[in-house]
Protein chains: 4
Amino acid sequence: MPRPSVEAERREQILRAACEVISEKGYKALRVTDVARHAKLSTGSVHYYFETKRDLVHAAFEWNFSRSLERRKSILDRHPNARDRLHAFVDSYLPRDDETAAAWRVWAETWVEALHDPDLRKLNERIYGEWRGIIAEIIRLGQAEGLITPGDPVLLANVLVSMIDGLAIQALVGSKHMTIGRMRSVCDHLLETMSAEPVQAAIG
Amino acid sequence: MPRPSVEAERREQILRAACEVISEKGYKALRVTDVARHAKLSTGSVHYYFETKRDLVHAAFEWNFSRSLERRKSILDRHPNARDRLHAFVDSYLPRDDETAAAWRVWAETWVEALHDPDLRKLNERIYGEWRGIIAEIIRLGQAEGLITPGDPVLLANVLVSMIDGLAIQALVGSKHMTIGRMRSVCDHLLETMSAEPVQAAIG
Amino acid sequence: MPRPSVEAERREQILRAACEVISEKGYKALRVTDVARHAKLSTGSVHYYFETKRDLVHAAFEWNFSRSLERRKSILDRHPNARDRLHAFVDSYLPRDDETAAAWRVWAETWVEALHDPDLRKLNERIYGEWRGIIAEIIRLGQAEGLITPGDPVLLANVLVSMIDGLAIQALVGSKHMTIGRMRSVCDHLLETMSAEPVQAAIG
Amino acid sequence: MPRPSVEAERREQILRAACEVISEKGYKALRVTDVARHAKLSTGSVHYYFETKRDLVHAAFEWNFSRSLERRKSILDRHPNARDRLHAFVDSYLPRDDETAAAWRVWAETWVEALHDPDLRKLNERIYGEWRGIIAEIIRLGQAEGLITPGDPVLLANVLVSMIDGLAIQALVGSKHMTIGRMRSVCDHLLETMSAEPVQAAIG
DNA sequence: GATGAATGAGGTTTCATTCAT
DNA sequence: AATGAATGAAACCTCATTCAT
């Protein structure tokens with residue numbers, strides 16, 4: 001009696017395994033065998049759910065992207081204040097724990113692969129755009145509350161988001177200079193720059 | 001009488017070819033045959049100068065990195081004023097022309113490969129550190145001249161450099177949102193933020 | 001329900017093929033393709049069972065050695081009398097039929113390869129030692145029965161075994177001088193030398 | 001001004017180098033580069049004197065064979081008595097010093113290569129035959145002097161020579177059982193067996 | 001005579017993919 | 001649904017050989 005859910009379950013099992021392997025060894029070095037081993041399945045089974053290696057890795061890229069976004073959205077819901085939300089959001093992107101670092105590594109692989117693959121460009125366009133939109137919206141709200149410096153919210157979102165990306169890459173690459181602590185300081189500095197003086201706001 | 005050695009010439013010829021291929025297809029898809037074809041040599045000749053494919057690509061990564069750094073240094077020499085230098089420097093990193101875009105793509109590949117390769121980590125540590133140091137020094141000079149906002153120059157350099165990295169990745173990935181024009185706007189905004197008030201400078 | 005594993009069967013199929021090729025062309029000229037063709041498999045399949053060419057050939061060397069030893073042991077069991085056993089044993093080593101000649105050629109390759117390979121030295125030590133031990137034991141028994149001349153049985157075994165090796169090499173190399181017939185004569189001469197005087201046996 | 005002797009000199013230099021490499025690594029693993037390095041020449045120079053690798057190795061095989069034979073002949077000249085000559089001869093074949101061991105290894109390679117190469121068969125036929133003839137002649141003389149047991153001298157030579165070959169192979173392969181000391185004991189035993197009782201000879 | 005840069009054919013090895021079970 | 005044995009295309013790499021200097 002085949003359970004209808006088994007397919008979805010197996011797919012997730014395989015995608016999770018694929019992300020683990022990509023994070024550990026990179027797409028270049030990933031072998032279908034590795035993914036099968038991580039998922040405790042055979043290569044045959046992996047191919048039963050994903051026609052080609054390319055399909056598998058693309059699905060894994062998407063899964064990783066979407067999953068991270070969901071996790072961030074749930075973090076935002078816990079903070080009503082715009083400035084707090086921004087801080088919490090930035091905080092959640094520091095590659096402190098293994099899970100976050102792994103997700104970052106998979107993103108980095110996605111971007112580099114997207115340099116040569118139109119399908120992945122679209123994926124990035126969609127998910128990265130959504131991310132940027134969320135940040136811009138928070139900034140907009142913060143500006144309305146007088147907590148954040150005025151200026152084009154999308155431009156400010158771009159400043160913030162790309163800086164985080166750049167910092168994270170250096171942190172992940174293991175630069176001794178760019179520790180998690182220093183990454184946080186740099187982020188905090190930028191967030192301060194973007195804060196409006198609450199006193200002045202009150203006076204004005 | 002030893003013939004003038006062609007070694008240096010051939011090595012550069014091959015490294016240039018390797019960077020072209022990495023930029024076009026990525027490390028993952030690079031075949032030694034491709035490099036040989038680009039360099040108008042046989043695969044045997046490529047292996048005559050580089051023992052393994054890995055050696056070849058690592059040397060290409062280093063060549064690309066160092067070469068870009070040299071090019072930037074020469075740009076700096078043309079601008080005496082610190083704020084101009086900073087602008088010129090940032091400007092030179094916009095992936096406008098093919099050459100700059102190609103160099104960026106190779107960096108991106110270097111970073112992602114460095115996630116799994118200690119040797120490349122060291123390479124990044126060295127060259128990226130030098131780059132960051134140069135920016136920090138310009139900022140320090142700018143501060144001394146009263147043209148740049150006070151604050152830890154290294155921290156400010158990190159803000160600037162990582163933001164450029166993050167923006168460039170999105171621009172290179174071909175995000176419709178992140179065009180060269182928008183990248184420039186975002187950079188200009190940050191540079192403005194980092195400028196000291198000219199009024200104060202006049203007073204001082 | 002696990003399918004009956006074909007592994008043992010395939011491995012033997014491949015080892016037999018490898019020995020055929022080694023015997024025909026020598027290790028130096030052996031290509032994995034040849035072995036695959038002889039085994040009616042693809043090169044991929046050969047590598048499915050043996051990681052490297054070296055592993056394959058070493059396994060073949062061992063298989064050849066052990067197999068010959070087993071065959072000899074079964075021959076011995078048919079002869080109760082020590083002197084008969086010795087004769088039968090020696091007889092079974094004349095490279096008359098193709099199978100025996102092939103086995104000899106593979107041994108010769110093993111020895112020469114062992115000159116440069118510690119793993120094969122160990123293999124030779126083990127199997128050759130066992131062989132020498134068996135002969136020494138027969139000699140010991142023959143001495144107890146008064147059929148074989150006295151003296152250190154191991155030393156006598158060494159005389160016999162190494163002479164057979166040396167003769168076989170010349171016979172296999174195709175020396176016109178060292179035919180199978182002459183090889184047999186030389187062996188018989190030595191065996192006679194090693195026989196105890198029948199007169200004494202008559203007296204006793 | 002080309003010296004006429006330079007060619008002969010270079011050829012010997014290269015052949016000696018080839019034998020060194022064969023002895024160290026075996027024919028299978030020999031690369032022309034290795035020979036060139038040992039001879040302190042370039043690969044181009046090696047090919048200037050030997051058209052192909054095969055030519056080079058065959059010439060080296062022949063050089064090694066002939067050279068050893070010459071060395072043995074000069075040893076014989078020092079011993080007038082047949083039994084002494086036999087002992088001296090056998091003694092000179094124990095692979096004690098590096099030079100003798102190296103020559104043995106090259107012979108072993110020659111034989112194994114000869115299994116698949118008619119030209120080398122002829123070489124072996126010629127040189128090995130000469131060697132066997134020399135031993136047979138000594139035995140004949142010894143028999144005439146009443147120092148050696150009667151019987152077909154060629155057959156006795158075969159017994160002796162093949163036993164030495166077989167022992168040497170095991171000694172060279174590095175068998176812990178077959179040390180130089182034990183090899184000598186076995187040889188001495190056989191030579192004793194082949195000795196005629198001097199007393200009886202005197203009486204007869 | 002001598003060199004060593006350059007070649008390219010040929011071999012081993014890897015691994016995504018297939019398919020009978 | 002799942003397996004894993006088998007495949008073969010494709011890639012890296014080696015190295016004898018050539019040839020301009």
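In this text the structure is predicted, and so the values were computed from the model without any measurement. Chain letters run A, B, ... following the sequence lines, proteins first and then strands; every chain starts at 1.
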N64(B) side chain to V106(B) main-chain N or O, any donor-acceptor pair under 3.5 Å?
-> no
Give a yes/no on whether any side-chain N or O of S42(D) is located under 4.0 angstrom from OP1 or OP2 of dT3(E).
-> yes
For E51(B) and dC15(F), give me the distance from atom CD to atom P, rounded to whole Å.
-> 11 Å
Give me the ring orientation class for H58(D) and F61(D): parallel if the planes are under 30° apart, tilted from 30 to 60°, perpendicular past 60°.
-> tilted
Earlier contact from the 5' end, DNA chain E, for G44(B) and G44(A) = G44(B)
Pairing partner (Watson-Crick or G-U wobble, both distances under 3.5 angstrom) of dT21(F) = dA2(E)
Parallel under 30°, tilted from 30 to 60°, perpendicular over 60°: which one fits the rings of W111(C) and W107(C)?
-> tilted
Closest to side chain of R10(C), choosing from dG1(E), dA6(F), dA16(F) | dA6(F)
Polar side-chain atom of D34(D) near backbone of R31(D) as donor-acceptor pair, under 3.5 Å = yes
Any-strand Watson-Crick or G-U partner of dG8(F), both distances under 3.5 Å | dC15(E)
Within this structure, what is the CD1-to-C1' distance between I14(B) and dC12(F), rounded to whole angstrom?
-> 15 Å
Once you round it to whole Å, what is the distance between C1' of dG1(E) and CD of E7(D)?
-> 10 Å
Rounded off to whole Å, could you give me the CD-to-C1' distance for the Q13(D) and dA2(E) pair?
-> 12 Å
Which nucleotide in the set dT7(F), dC12(F), dT12(E) lies at the smallest distance from any side-chain heavy atom of V32(C)?
-> dT12(E)
For Y48(A) and for R31(D), find the nucleotide of DNA chain F with the closest heavy atom, then tell me which residue's nucleotide is more 5'.
-> Y48(A)
With no hydrogens and no angle check, is any side-chain donor or acceptor of R121(C) less than 3.5 Å from a backbone partner on G174(D)?
-> no
Does the K53(B) side chain pair with the main chain of L30(B), one donor and one acceptor, at a distance under 3.5 Å?
-> yes
Please figure out whether Y49(B) or A29(A) has its closest DNA chain E nucleotide nearer the 5' end.
-> Y49(B)
Are T43(D) and dG4(E) close enough that a side-chain N or O sits under 4.0 Å from OP1 or OP2?
-> no
Picking from dT17(F), dA2(F), dC13(F), the nucleotide nearest the side-chain atoms of T52(D) would be dT17(F)
For dA16(E), does OP1 or OP2 lie under 4.0 Å from any side-chain N or O of R54(A)?
-> no
When you measure from the side chain of S45(B), which nucleotide among dC13(F), dA6(E), dT13(E) comes out closest?
-> dA6(E)
Could you give the NZ-to-C1' distance, from K28(C) to dC15(F), as a whole number of Å?
-> 13 Å
Using the C1' atom as the reference point in each nucleotide, state the distance between dT21(F) and dG1(E) in Å, no decimals.
-> 13 Å
Closest-nucleotide 5' rank along DNA chain F - winner of K40(C) and L41(A) | L41(A)
Could you please name the option among dT14(F), dA5(F), dT13(E) that lies closest to any side-chain atom of H47(B)?
-> dT14(F)
For atom NZ of K53(C) and atom C1' of dC12(F), their distance in whole Å = 16 Å
Please report, rounded to the nearest Å, how far the P atom of dA5(E) is from the CD atom of E9(B).
-> 13 Å
F50(D) has an atom CZ; how far is it from atom P of dA2(E), in whole Å?
-> 13 Å
Scan L30(D) against the nucleic acid and name what it touches under 4.0 Å (heavy atoms): base, sugar-phosphate only, or nothing.
-> sugar-phosphate
